[in-house]
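Naming convention: chains lettered A, B, ... in sequence-line order (proteins, then strands); numbering from 1 in each chain.
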There are 2 protein chains.
Amino acid sequence: MSSDKAPVMSDVAARAGVSHQTVSRVLNSPDLVRPATRARVLRAIEELGYRPNLSARALATKRSRLIGVVYPSGLLFGPSHTTMAIQDAARAAGYTTVSASTEGATASPHDTLEFFLDLAVEGIVIVAPTTETAQAARRLAGSLPVVIIAAGLGAGTPAHVVAVDHQLGARLATEHLLARGHRDIVHIAGPENWFDARARIAGWRAALTDAGLPVPDVLPGGWDARTGYAVTRELVRRPSLPTAVFAANDLLALGAMRALHEAGLRIPEDVAVVGYDDVPGSDHYHPPLTTVRQPFAEVGHQAIEVLLAAIRWSEPGEVLSRPQLVVRRSSGPQPG
Amino acid sequence: MSSDKAPVMSDVAARAGVSHQTVSRVLNSPDLVRPATRARVLRAIEELGYRPNLSARALATKRSRLIGVVYPSGLLFGPSHTTMAIQDAARAAGYTTVSASTEGATASPHDTLEFFLDLAVEGIVIVAPTTETAQAARRLAGSLPVVIIAAGLGAGTPAHVVAVDHQLGARLATEHLLARGHRDIVHIAGPENWFDARARIAGWRAALTDAGLPVPDVLPGGWDARTGYAVTRELVRRPSLPTAVFAANDLLALGAMRALHEAGLRIPEDVAVVGYDDVPGSDHYHPPLTTVRQPFAEVGHQAIEVLLAAIRWSEPGEVLSRPQLVVRRSSGPQPG
DNA sequence: GGTCAGAATGTTAGCGTTAACGTCGACCGT
DNA sequence: ACGGTCGACGTTAACGCTAACATTCTGACC
């Protein structure tokens, strides 16, 4: 009858007839131990169901193998995808992720930081940051490798950046509308303290400017349907309507479409609508929504790749990946 | 100039003129140390910016203070909310959560289990399980406290159960439609291996039976809009249409509404629709969707409460919380 | 066959914390 | 004034692992 306690390294060593250090070596640098011994040790590990104690290992090596992930508590779609990809990638590399939402009622960025410091994380990934979280990140970056998932943080960012090129995404959306003959395209923006929102504004603006068109005022928005609805209700009261609306995300677009319907306008015949994100369901909106799909998972993987590199070496860099336009009914038929 | 290394307990002890054990006591059982000494120690901690090393603590106490959270990778809305609540509650209790999605391409339930065992989690919460994950949970429950967030797992479940009463939720939805005069109410179900989906079927069925109505066949579905669309397209081909559709979630309802629109049917005049979940945007669907809102956060908090109790004592129990009907346009006007 | 290099393994000493026990006073009753 | 009790604190020994160094073994070479 075997003891009921979890086996430790010396148990394995005893069973294999070697010292505990040899067991450690088999686990950490297998090449240093002769194949025959290695096999004996591995068999003993197997037979006993031995699992290394990670706390002890962390204590001895002074490496926690933990990565902190900060994400906005409000948004659940994109960040969830990215976070999952981050988890997978980290785990594949032998790291464990610990996540904490921020800017919720629950915890301030400062609390979150404390939390991560207590856990002795080796690095931090910040998903979809606002100006506030970026600032917190900046303080962090001195002492710890930080990867920020967002572009356009300004010069001198000491953190590594992995991002989707939202400026490109917004440009794709806008140019798509331009190609369909639209000349009066308004933009309902995301919250102004979000980098992602700013990038989309810039892309929309650039596309219009490149086409030699005047750039209308940005319609200040948010991320939710209610806001898109409210903003668009104001919009349809104006004497002259735009022929197309480009919304900073799909929920805004959804709200906008409701307001347009209620005003008796047809989509896309009277007003075309394009969203951003391709959230679940957007392909069944009324009408199905033309939108921009982000490579969420790709970004998550890249973030970990960059972070792990940063943990070993350093040198802040920037990685951009490309979003993709998804054309559906809301933006109208192929132009004649 | 202070040393650059992170201060450890003995540094604090030296500065406060006590032994390291006294510092430990101040942290763990403050009542055992005289107020004056305690104050000195606390000040030293403050001044040095000392943080206890969690690995060392875990090693000495044999308690990892880690909780594993398993959630389905497919669904992102509900689980995200619940997971966030779980994180908050756990953190408030001094625990850290580590999450892993399962049933994705990435990791089998078995891998996830291994992962958690390696981390030496003290307990596991399973969010929104299918029959498969429940089975894995059953194996686990012998060796580790497990809380499953779902009801109806069958007798003899060794795990603790925290759940939303989906049977009640489905009943509320169905009775709402009955109250509006509907007599022919079909149900588009979720995937059959989901406990939540089964409970909703049961609630719908019970409500119809209680009203003395025949129960039509369940329309087998899934969780996504595409399925709701496809199923409803079949439905509208039938010679006699139901007057109301109760869908197992909002995306199914969304897909159903699209199919109804395309068939030239008006919502709610020709066919009423009710969903489940109250996902973001459902209040701006076309028309705004009557649905059932789940207390996601509440469930998360309860899950941790129950799990922590289980970690100390034991005794599997069951906690149910109540969902809430949200009436909007898609289910029609108040009956005359 | 003895020497020596280098590979293979063993020994010892931490990592930073808590647990278990020991010590030292102060204060009580008599 | 003296033993006994209890509160406050110190000392020592784990916890399970890796790092650094010491030792033994292996085989090639002369």
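Here the side chain of A:Asp11 pairs a donor or acceptor atom with the backbone of A:Val8 at under 3.5 angstrom. Using modelled atom types, one side-chain atom of A:Glu122 and one backbone atom of A:Ser64 make a donor-acceptor pair closer than 3.5 Å.
Contact annotation for A:Ser55: no contact, since no heavy-atom pair falls under 4.0 Å across all strands.
B:Thr130 and B:Glu132 share a side-chain donor-acceptor pair at under 3.5 Å.
Taking a 4.0 Å limit (strictly below) on heavy-atom distances, residues 12-29 of chain A reaches DNA chain D at A:His20, A:Gln21, A:Ser24, A:Asn28.
Comparing atom distances between the B:Ala56 side chain and each of D:dG16, C:dA19, C:dG16 picks out C:dG16 as nearest.
Proximity of B:Val18 to B:Val26: side-chain heavy atoms (C-beta onward) are nowhere separated by under 4.5 Å. Residues A:Leu308 and A:Ile67 have side chains in contact (heavy-atom distance under 4.5 Å, counting atoms from C-beta outward).
Between A:Arg57 and D:dT18, a side-chain N or O to OP1/OP2 separation shorter than 4.0 Å is present. OP1 or OP2 of C:dT17 has not a single side-chain nitrogen or oxygen of B:Lys62 nearer than 4.0 Å. Under 4.0 angstrom from either OP1 or OP2 of D:dC9 there lies at least one side-chain N or O belonging to B:Thr37.
In the helix from C:dG1-D:dC30 to C:dT30-D:dA1, the terminal helix axes, each the rotation mapping four pairs' C1' atoms onto the next four within five end pairs, subtend 50°, rounded to 10°.
Counting heavy-atom neighbours within 6.0 Å of A:Gln135 CD, excluding the residue itself, gives a total of 12 or less.
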